[in-house]
Each structure stands twice: as C-alpha cells, then as structure tokens.
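Comments concern the structure below.
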2 protein chains.
Amino acid sequence: MVRLVDVAKAAGVSRSTASNVFNNPDIVRPNLRKRVEAAANELGYAGPDPKGRLLREGKFNAIAVMPPIKTSMVDVIRNPVFNLLLQGVSEVCDERGASLVVVSGHAGRNNLGSVLADGIIFSRMDQLEEAETARLRRIPYAVVDFDPGPQVNSVRVDAKAGGYQAARHLLELGHRKFAILSFLREGRGSNVIETGSTRLPESAGIATDQEKLMGYANALSEAGIDIGAVPMVQADANDPEAAGKLLDIAPEATAVLSMSVMQGIRVIGEAISRGLRVPQDLSVVGFNDIPAAEHSVPSLTTVDGMGVQKGRDAACQILDGGPPRHKIIQPVLKVRGSSGPAPA
Amino acid sequence: MVRLVDVAKAAGVSRSTASNVFNNPDIVRPNLRKRVEAAANELGYAGPDPKGRLLREGKFNAIAVMPPIKTSMVDVIRNPVFNLLLQGVSEVCDERGASLVVVSGHAGRNNLGSVLADGIIFSRMDQLEEAETARLRRIPYAVVDFDPGPQVNSVRVDAKAGGYQAARHLLELGHRKFAILSFLREGRGSNVIETGSTRLPESAGIATDQEKLMGYANALSEAGIDIGAVPMVQADANDPEAAGKLLDIAPEATAVLSMSVMQGIRVIGEAISRGLRVPQDLSVVGFNDIPAAEHSVPSLTTVDGMGVQKGRDAACQILDGGPPRHKIIQPVLKVRGSSGPAPA
DNA sequence: CAAGATTCTTGGATCGGTCCAAATGCCGCT
DNA sequence: AGCGGCATTTGGACCGATCCAAGAATCTTG
C-alpha cells in the first residue's frame, strides 16, 4: 500500500509538503505541487488515507443509530416507523455533511466500543446498559422514546397526550363503544387478552405503549368510561389475525383505538370484509403517521408520532453538544377518512 | 482524554499488558488483570479507542452506500425502492456483523476519499467518475443497476426482461390498446410527451428505464404493435398529475404499463375516480415491488425488480473480495389484482 | 548587495492502539 | 541449589496521517 510518505519520498519533498499538496494546495508553490502530484499519479496514490487522518483529527463526522435490542439492522431498515427516525437523522446529517451509520446488531451488541461515529442514537429504553458504555467512552449519545434521566440527552413524544387526542377525537364524534388493539407485551401467555380489570400492563414493556394506553384511559374516563371494561387485544404489530380477533371479541364496538398504523389498516380491511362500512359503521384511529396511513382506503386517521422530528432532535442533540437536553414532542392528530360520527 | 497508556502507567504495567487486558484477558494473570481493571475504572477508561485500533487493523467493518448524484441522504432513506437495496445490504451486514454507512451526499460528493468503510456501493450509472476515485483508493466497490465494464463489480436486474414480462402478461390477457407511463428524462422541455415516432429516448437518462421500454417494445412488436404508436407520458415518479394526463391522452387504452409502483397506484386511483373498474376496464402493471404495491386496492401487478437481492449481491461482492463479478438478476412478475383479461 | 521581511519547507511530536520477538519470571524437577 | 521449559510481560516498531515551531529559501527594500 502506497502511503503519503512514499509519495513524498518519490517527489523528493517532506511528508508535510506532500500533505499540504492534498489539503492546502494553494500554500505550496506550483512547481513543487506539480512534482508531488506527478509522483502521486505515478504511484497510484489517490489522496490521504482516511484512517490516518481520523486518528489525528478525531472526528468521524458520522452519527450512529443503534437498533433496539433483539432487533436486526434489516428490521430497522424495513420498519416504516423506524424509517421516520432515520429520515430525521439523515436530514440533519445532510445539512451538516455527516454520514449515518446503522450499527450491526451483532457488532454493536457486544462491543459498542467499536462503533465508528461521533455519537450514538439509541432508541427505546431497553438499551440503558449500553448507553452506560457510551457514557464511559465519553461519546455523546441520545435516547429516543425514553427519558433515562437528567444526565442524558433524550427525545420522546408525549405518547400519553397522543393517546388522549386519539380517544378524545372519537369521543367528540360521539363514540362510546370502544375496542383497543394494543401491542404484545412480553411475559404474557397468550397474544389475545380481554382486559377484565383496570390493571394496566406493568412497565416492563415499551414505555410509550403504556403511555398511549394511559392517554386513552384518561380521555375515556373523562367520558365516564372505564378502560378496564374496554375489550382489548394485544398482538405483535405484524400479527395478521389480531384485527379479526378484536372484531370478534368486540362486535358492538363503533370505534377502534389501534396503537399502530399497520394494525389500524388491518382493522379497516377486516371490517370492510365483514361488511362494515368505515367510517360509517366503524371508526379506526391509529398511532404514528407512516405513508401507508395516507394510502389506505379509506385513509387512516392517526396520531402523528413526529418520528422525523424525533430523529432530527436526537441528531441535533448529539451534533450540537452542550449539556444534556430533554425534548418532549407533542404529537399531532391527523384526521383522515377512517374516523367519522358514531352511528346513530 | 485518558488513553490506554495512561491506564498502563497507573497500573504500573506496560501498554501491551494493558492492551491484553482488554483484548485477550485470559492471557494476563488474574492479579495483574485486576490491577489494570481497577486503574481503568479509576480513570474512567472504557476500553480501547476504536480510532487507534482502526489505524492498526485497517478494517472498518462497514459497507458504505453512496446516494446517487443530486440525491440527498434523506431521499435515499425515504425512497421505498432504494429501501429495498438497503434491506439487502443490511441483511448481509447483519450476517457478517458489519455496519452500514449511508454517506452524506454533501461529504461524499467532493471527498469520497474520506468515506469510512471497507467498500462502497454506488447505484446508478451517473457515478462513474466517483467510482474512479474509489478505484484509485483501492477500496472495493460495486455498482448497482449499471454495468460499467469487466473491471468493476456490478449487479443489475435484467430490466428488459422485466419489461418484456410485464407487456407479455398483458398481451396474454388479450390487451391490445396500451399506454405507457414512463420516467422523466432530462433535456426534455415538457414532462408530457406523446410518442409520435418509434425513436426511443437517448441513453442519457437512467439506463434501466430505457431497458424497460425496450422490453415493452419487444413484447409489443411480437404482437404486431409498434411502440412508437403507443401513447406515453413521461413524468417524475412523484408527479401527481401524470396518471391523469395519461388517461387523458389514452382514453381508449385497456392496459397501462407503468415504470414505477407509485405511478401505477396513481393510475389505479385515477382510473377508479373516473368510473373505470380495475382490472375489468383497465389493467395496470407497475415495476418494482415495494410493499405499497401489495396494499393498494386492488393490489398492483408489478415486476419485482429484486431490489433486496441486488443489495445482497452488491454487499457480497464487496465483502467477499476476489475478482470483479457481474451479476444480472432476472426479475419476477408478481401477478396481483390490477391486471385482468382485456374487456371484450 | 546585504539586512530584514516574507513565504515555503521541514523534521519532530502526536493521535491511540496492536503486534511481535526478546526478556523476564515462575514452576517443578533432579 | 541449579536448570530447563513454559507462561507472562515488555519495549520497540508500526499503522497513516496532521500540526507546529523552527530553519531555509525567496523577495523587498534601503
């Protein structure tokens, strides 16, 4: 491998001059510069190796995004909600000329210490131990969708407010018979659960889910409805049977609160295939605003979880440096075609 | 910043031993190891800095993907077709524990030489000059969707075959009246063009588009149809008016060949809003298979451009090393709900 | 034409590690 | 106690650059 010093030697100049030819061409006199360039050409040298420069300068000029635990990189890339986060991060990267690194779950898991970036964005709370490593490495980091405390940069959406908005919207449309399609929580035997009690899921799962539920609960209780009596199905976001199960156990519901867009869309599809009209017979509201929400028929009313904004803010927290910041973003209800007045 | 050598000094051992404590803990005797670990803890040292290691070992353990020219990182992240490529790349990265770098258009543009990765994936032919820099830097690279010659790794889909399959499918369903929704080419005054001649667009644009068109042309000509006489609209993939324009200029068409999924879906929507039934009155076939194709109503018959596979192959070409390979992937027609027998 | 003011060029130090061959220390064994 | 043999530990070299103070060359100017 030909190095800068080889070029310098070949051109009969010092390394410094050769370095200048590539980094500050204008301060080296033309004839010398020509000689160095010729030598570089001769030897097939295409400019300084970034590895050396990196060691010296210390900046990667890149932000890393860490997949949540037990999540592969592909999952991150493919997931439309995660994609919003990546969009936000890359917007900021574009503006500042930085690159985006998606860390391999494999590599990142055990040796976070080898991540080649100036900062790391973690998402979800389950990564706190790793964040600890980042802290030790003195590398800036930010946590998305969870607030681990005052020492740590964090960005999250006020999911409770989002859930509240969603439920409130349906209440204002006159709905009183609800059904909830929630996420699967670990530690449950079945993926279908009729909530018979007011006990909310314990905090072991994804924090935002619980917040959404609390938002629903608050709005409903204002209308005198006990969320403990609302039929609920908990299922994986990709479980294709959840929508059907929900409609099975809640045939009288006129409004469905879904915690995800994809499940919301499935509810619409399932309802239509059962001869219900959406929104005349059944209203559906989702959570998060991915493009699919707009393209479904009817389009899905949903709470915009401000995914792009979260990515932007997290990236800025890292790139701007300074003391830890904690941003809480207000979600915005996007009213579309899947919600309408309760049937008379 | 505390360095390995500081820890070593504090623990009263050599750098090598300290290094071993972090990299080969089992070869250093327990009491010494303890001492080093204590010192590290004391000083707040969280393990070797990857910058130093990198210089020594020379491997980034990462693959970079370069946005096409004039395309920002966000565009890449957001674009569903590009997303398939990224999925493929990250699948391979996951398998091998490598990270994925999306290069900032900004940074990448002028100083490709500073990309921190072991290999670069270029997409589209417009990046040949940059590939030249990569060649000089002796960094492996692969080009997607274009074959720059025998010296260079490349992966592309046989778009001509894809176009042929699409058109053939419609012909076999009995269609004879076609309309084509193509991409916008540069250097044209208008974005709407009725092809009045058999002259195909010159090769200035994206190579695969022309190939698709040639595939269409071949299939149609077998059925005695001159593609020069087929109404065609050229438009940007996001132009919301293209579908309408196409139906305007080709009211008698029973089948639309669209070069993209999104435009295909728009054609379906536009047709339905004009009172046409899809596929009974109008069949639509797209190109590339993104999730939206499956979720439209009716779902879109489309040619799977094997985007994920392209990403996988390109990543493998880079990671496996060896002499340049050139893979041509055969596309697969996905017949769905938007195509049916020609109306009698 | 030489001293002084500029402008270039240079060598040494540094960035933070890892690797390897040589040196040291430790052990049991005779 | 002395010694071979093995397991640890060590210092030097190297990875590939950039930066900076100081020396050398060039240009001004009296």
Side-chain angles (χ1 to χ4, degrees), chain A residues 1-37 39-40 43-61 111-118 136-139, chain B residues 1-37 39-40 43-61 111-118 136-139:
Chain A
M1 201 72 234
V2 41
R3 319 190 300 282
L4 182 64
V5 59
D6 301 319
V7 173
K9 211 169 291 173
V13 300
S14 72
R15 307 179 317 270
S16 313
T17 299
S19 175
N20 281 330
V21 168
F22 291 101
N23 296 302
N24 306 69
D26 31 325
I27 78 162
V28 41
R29 237 169 282 170
N31 54 342
L32 250 200
R33 192 194 330 168
K34 294 258 170 20
R35 226 163 73 211
V36 174
E37 280 164 349
L43 299 173
Y45 182 79
D49 185 316
K51 289 195 278 290
R53 193 208 311 272
L54 179 64
L55 178 55
R56 186 77 238 244
E57 315 219 313
K59 288 248 329 167
F60 292 96
N61 206 27
N111 46 1
L112 211 182
S114 67
V115 170
L116 304 175
D118 302 314
L136 277 176
R137 243 187 81 192
R138 312 252 159 94
I139 190 178
Chain B
M1 200 69 236
V2 40
R3 318 193 298 286
L4 182 64
V5 59
D6 300 318
V7 174
K9 212 171 292 172
V13 300
S14 71
R15 308 178 316 268
S16 312
T17 299
S19 173
N20 281 331
V21 167
F22 292 101
N23 297 302
N24 306 69
D26 30 325
I27 77 163
V28 40
R29 234 170 283 170
N31 55 340
L32 251 199
R33 195 196 324 171
K34 293 257 170 19
R35 226 163 74 212
V36 174
E37 280 164 351
L43 298 173
Y45 182 79
D49 186 317
K51 290 195 276 292
R53 193 208 310 273
L54 179 65
L55 179 56
R56 182 76 233 229
E57 313 219 312
K59 286 252 326 173
F60 291 95
N61 206 28
N111 47 1
L112 210 181
S114 67
V115 170
L116 303 176
D118 302 314
L136 277 175
R137 241 188 85 192
R138 312 250 162 97
I139 188 176

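Letters go in sequence order (proteins before strands), and every chain restarts at 1. Side chains are part of it too, since the values below use all heavy atoms of this structure and drop only hydrogens, waters and symmetry mates.
Note: A:S14 OG to A:K9 NZ = 12.5 Å, rounded to the nearest 0.5 Å. Residue B:F22 holds its CZ atom at 12.0 Å from OG1 of B:T17, rounded to the nearest 0.5 Å. We find the CG-CG distance between A:L116 and B:L116 to be 7.0 Å, quoted to the nearest 0.5 Å. One finds the OG atom of A:S114 at 10.0 Å from the CG atom of B:L54 (value rounded to the nearest 0.5 Å).
Relative to the axis of its first five pairs, the axis of the last five pairs of the helix from C:dC1-D:dG30 to C:dT30-D:dA1 sits at 50°, rounded to 10 degrees.
Read 5' to 3', the first and last nucleotides of DNA chain D with an atom closer than 4.0 Å to a heavy atom of chain A are D:dG16 to D:dT26.
A pairwise comparison of heavy atoms in A:V36 and A:A11 identifies CA-CB, 3.8 Å as the closest pair.
Partners of A:V2 according to the side-chain contact (heavy atoms from CB on, under 4.5 Å) rule, which considers only residues two or more places apart in sequence or in another chain, are A:D6, A:V7, A:L43, A:Y45, B:R138. By the side-chain contact (heavy atoms from CB on, under 4.5 Å) test, B:L55 is found to be paired with A:K51, A:L55, residues two or more places apart in sequence or in another chain being considered.
Between A:K59 and A:D118, some side-chain heavy-atom pair lies under the 4.5 Å cut-off. Between B:L4 and B:S19 there is a side-chain heavy-atom pair separated by less than 4.5 Å.
Between the CZ atom of B:F22 and the P atom of C:dT18 there is a distance of 10 Å, given to the nearest Å. The interatomic distance linking A:L55 (CG) with C:dT18 (P) rounds to 12 Å, in whole Å. Between the P atom of C:dT18 and the CG atom of B:L54 lies a distance of 12 Å, rounded to the nearest Å. The distance from atom CG of B:L4 to atom C1' of C:dT18 is 10 Å, rounded to the nearest whole Å. Taking atom CZ on B:R53 and atom P on C:dC15, their separation rounds to 19 Å, with Å as the unit.
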**Message:** I'd like to know whether B:D49 forms a side-chain contact (heavy atoms from CB on, under 4.5 Å) with B:M1, so could you lay out the CA-CA distance, the side-chain angles of the two residues, the decisive distance to 0.1 Å, and finally the verdict.
**Reply:** CA-CA 10 Å; B:D49 186 317; B:M1 200 69 236; 5.7 Å; no
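Side-chain nitrogen and oxygen atoms of B:Y45 include none within less than 4.0 Å of the OP1 or OP2 phosphate oxygen of C:dG16.
Within the structure, side chain to side chain donor-acceptor pair (under 3.5 Å) pairs that include any residue of residues 25-36 of chain B do not occur (at least two apart or interchain).
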**Request:** Starting at the 5' end of nucleotides 5-14 of chain C, put B wherever the base has a protein heavy atom under 4.0 Å, S where only the sugar-phosphate does, and a dash everywhere else.
**Result:** ---SSBBBBB
